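Notes follow the structure.
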Protein chains: 2
Amino acid sequence: MSLSYAMLGLLTYGPMNGYNLKKIFDKSISHVWAASLSQIYRELSTLEKKGYVTSIIQKQEDGPDKRIYSITDLGRDAFQDWLKNFPEQLSFYQRDEFMLRIFFGSRLEKKEIIKEFEHFISQKLDHLKKLNEIEKTFNIYSSEFTVESAEKEELFWHFTIKQGKMTIEVLIKWAEECIKQLEEYNSSKINLKK
Amino acid sequence: MSLSYAMLGLLTYGPMNGYNLKKIFDKSISHVWAASLSQIYRELSTLEKKGYVTSIIQKQEDGPDKRIYSITDLGRDAFQDWLKNFPEQLSFYQRDEFMLRIFFGSRLEKKEIIKEFEHFISQKLDHLKKLNEIEKTFNIYSSEFTVESAEKEELFWHFTIKQGKMTIEVLIKWAEECIKQLEEYNSSKINLKK
DNA sequence: AAGTTATATATAACAAGTTATATAGTATGT
DNA sequence: ACATACTATATAACTTGTTATATATAACTT
């Protein structure tokens with residue numbers, strides 16, 4: 001599945017240990033595919049069993065030893081194979097806790113729900129900042145981690161950031177519209193009652 | 001977690017069996033929270049153990065017996081409690097297989113990647129259609145399943161559909177911009193080489 | 001008549017993701 | 001000096017989600 005290929009993809013940039021891989025994840029692709037440390041460690045052993053990566057132990061005097069993983073030719077092939085075979089059917093289904101609550105929003109007070117929409121907007125503004133931070137580190141990584149050309153590598157990274165930004169911006173607009181509609185709905189209700 | 005509350009939420013509309021619950025899921029909240037049949041069955045037993053639902057067996061002459069679940073007062077309270085307690089931190093992290101491949105898009109031919117962006121657009125157009133179909137059935141359900149007022153119930157359902165539509169529309173715009181940028185990038189590269 | 005699809009009912013096995021726990025050094029704050 | 005946080009290393013337990021399997025009837029398809 002996708003996690004293993006995300007990991008193999010990052011390992012094409014160079015050998016890494018689990019902890020390091022997690023840091024790179026968070027600074028590069030967490031907005032596209034998130035991973036927890038424990039998942040990464042488990043997946044690294046699975047990948048090793050499959051022969052997609054090999055590991056060596058690096059002794060350290062300060063702190064515990066490191067296990068450094070490198071991608072194998074078999075691993076590179078598997079990654080490239082996955083990469084070129086995009087799925088036919090892209091998933092339509094979602095799992096969004098906030099949206100689920102909104103679905104049942106009629107069971108809440110108008111004031112409460114407006115407060116939640118406002119909180120949603122402030123959270124999305126935070127997410128925009130996070131994306132900007134990730135974007136800033138791209139030029140650092142692209143010079144370190146270049147496969148073909150840093151420019152081409154960065155182009156695609158920016159596509160994913162752009163997707164995130166555009167989506168967040170539209171969600172903010174959506175929430176603002178919902179608030180407006182709720183306020184209108186309430187006032188018309190009050191008028192009817194009079 | 002969310003699945004159980006999605007199920008409890010639907011059960012506030014009336015008693016249902018697992019199979020039926022799945023159908024309602026697909027026609028109402030799959031765009032917000034998806035569930036598979038096996039998950040639903042497992043979760044129903046968990047909910048029963050917790051006392052949030054009770055079940056009776058309905059004998060049937062044609063086909064196997066049905067187990068009809070009803071929400072209990074305890075279940076209603078748990079649902080309402082969940083509903084009013086929106087999480088402070090909304091998740092920033094994502095898991096999107098398509099976007100992950102785009103992240104590594106520099107390893108593919110320009111032609112291939114443009115083809116995938118085009119396929120993405122056509123899939124998103126399909127998803128728009130699915131959302132429209134879900135939206136159409138809302139008025140049917142809102143008259144059957146009304147808690148307070150059908151109008152208020154539908155208002156929130158429409159918010160979730162609107163969110164889906166706005167997001168999909170912006171994703172299409174994003175993909176179109178990516179294609180344009182890729183074409184420009186390639187031609188400028190060719191020019192540089194000349 | 002035989003095969004496929006849909007309705008109806010689930011359970012079992014497996015894979016993936018989250019949370020808790022364990023260990024230990026280094027740095028920073030009060 | 002003591003606590004908290006961060007770096008660094010993971011493993012274990014638990015929860016959630018997906019895929020495969022099982023059974024049986026009815027309706028539609030070729």
Side-chain angles (χ1 to χ4, degrees), chain A residues 1-8 15-27 29-30 32-50 52-53 55-69 82 87 89 91-97 100, chain B residues 1-8 15-27 29-30 32-50 53 55-69 82 87 89-97 100:
Chain A
M1 35 69 223
S2 300
L3 172 64
S4 49
Y5 297 108
M7 286 169 60
L8 287 174
M16 272 177 264
N17 60 330
Y19 190 82
N20 214 242
L21 204 46
K22 166 63 174 165
K23 280 202 301 183
I24 309 280
F25 249 90
D26 290 346
K27 299 205 170 196
I29 49 173
S30 61
V32 151
W33 200 277
S36 66
L37 245 186
S38 56
Q39 263 188 298
I40 288 172
Y41 284 118
R42 181 174 49 192
E43 200 55 35
L44 280 170
S45 358
T46 310
L47 289 174
E48 194 164 29
K49 273 175 211 144
K50 285 185 182 168
Y52 291 173
V53 299
S55 70
I56 51 153
I57 287 169
Q58 200 177 71
K59 288 250 154 87
Q60 285 193 133
E61 265 140 49
D62 49 339
D65 296 348
K66 284 184 183 179
R67 188 179 282 271
I68 313 280
Y69 289 88
W82 167 82
Q89 295 295 318
S91 173
F92 163 73
Y93 301 102
Q94 274 208 283
R95 284 194 176 92
D96 189 313
E97 209 182 324
L100 181 60
Chain B
M1 35 66 223
S2 301
L3 171 64
S4 49
Y5 297 108
M7 287 168 58
L8 287 174
M16 273 178 262
N17 62 331
Y19 190 82
N20 215 242
L21 204 45
K22 166 64 175 167
K23 280 202 299 184
I24 310 281
F25 248 90
D26 290 346
K27 299 206 170 197
I29 50 173
S30 61
V32 152
W33 200 277
S36 66
L37 245 186
S38 56
Q39 260 187 299
I40 288 172
Y41 284 117
R42 180 174 49 191
E43 201 54 35
L44 281 170
S45 356
T46 309
L47 289 174
E48 194 164 30
K49 274 176 212 146
K50 285 185 182 169
V53 299
S55 71
I56 51 153
I57 286 169
Q58 200 175 74
K59 287 248 153 88
Q60 284 195 136
E61 264 139 50
D62 49 339
D65 297 348
K66 285 184 184 182
R67 186 179 281 270
I68 314 282
Y69 290 89
W82 167 83
Q89 295 295 316
L90 302 181
S91 173
F92 163 75
Y93 301 103
Q94 276 209 281
R95 285 195 176 92
D96 188 314
E97 209 183 324
L100 181 59

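Predicted model only: the values in this text are computed from it and were never measured. These numbers come from the heavy atoms of this one structure, side chains and all, not from hydrogens, waters or symmetry mates. Quick note on labels: first sequence line is chain A, next is B, and so on, each numbered from 1.
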- Message: Just N and O in the side chain of Q39(A): are any of them under 4.0 Å from OP1 or OP2 of dA16(C)?
- Response: no
- Task: State whether the side chain of E48(A) and the backbone N or O of S55(A) hold a donor-acceptor pair below 3.5 Å, judged by distance alone.
- Result: yes
- Task: Would you check if K22(A) and Y41(A) make a side-chain contact, meaning some heavy-atom pair closer than 4.5 Å?
- Result: no
- Grab the CG-P distance between L3(A) and dT16(D) for me, whole Å please. 20 Å
- Just to confirm, is there a sub-4.0 Å distance from OP1 or OP2 of dA8(D) to any side-chain nitrogen or oxygen of K23(A)? yes
- Query: About how many Å separate CG of L37(A) and CZ of F25(A), when rounded to the nearest 0.5 Å?
  - Reply: 10.5 Å
- Task: Give the rounded distance in Å between these two atoms: CG of L37(A) and P of dA20(C).
- Result: 15 Å
- Rounded to the nearest 0.5 Å, how far does CG of L47(A) lie from CD1 of I40(A)? 11.0 Å
- Paired with dT29(D): which nucleotide, if any, by Watson-Crick or G-U wobble criteria at under 3.5 Å for both distances? dA2(C)
- Message: Taking the nucleotide of DNA chain D with the nearest heavy atom to each, does R42(A) or I68(A) sit closer to the 5' end?
- Response: I68(A)
- Can you find an N or O donor on one side and an acceptor on the other, under 3.5 Å apart, linking the side chain of S38(B) with the base of dT19(D)? yes
- Whole Å only: how far is the CD atom of E43(B) from the P atom of dT11(C)? 14 Å
- Message: Rounded to whole Å, please give me the gap between CE in M1(A) and C1' in dG17(D).
- Response: 13 Å
- N17(A) CG to dT11(D) P, straight-line distance once rounded to whole Å: 13 Å
- Item | Between dT7(C) (P) and R67(B) (CZ): distance, integer Å | 23 Å
- Query: Does the R95(A) side chain pair with the main chain of A34(B), one donor and one acceptor, at a distance under 3.5 Å?
  - Reply: yes
- Gap between atoms CD1 and C1', on I40(B) and dT15(D) respectively (whole Å): 17 Å
- Atom pair distance, as rounded to whole Å: CG in L21(A) and P in dA10(D): 12 Å
- Task: Please check the phosphate of dT16(D) (OP1 and OP2 only) for any side-chain N or O of R95(B) closer than 4.0 Å.
- Result: no
- Task: State the pairing partner of dA22(C); accept Watson-Crick or G-U wobble contacts with both distances under 3.5 Å, and report none otherwise.
- Result: dT9(D)
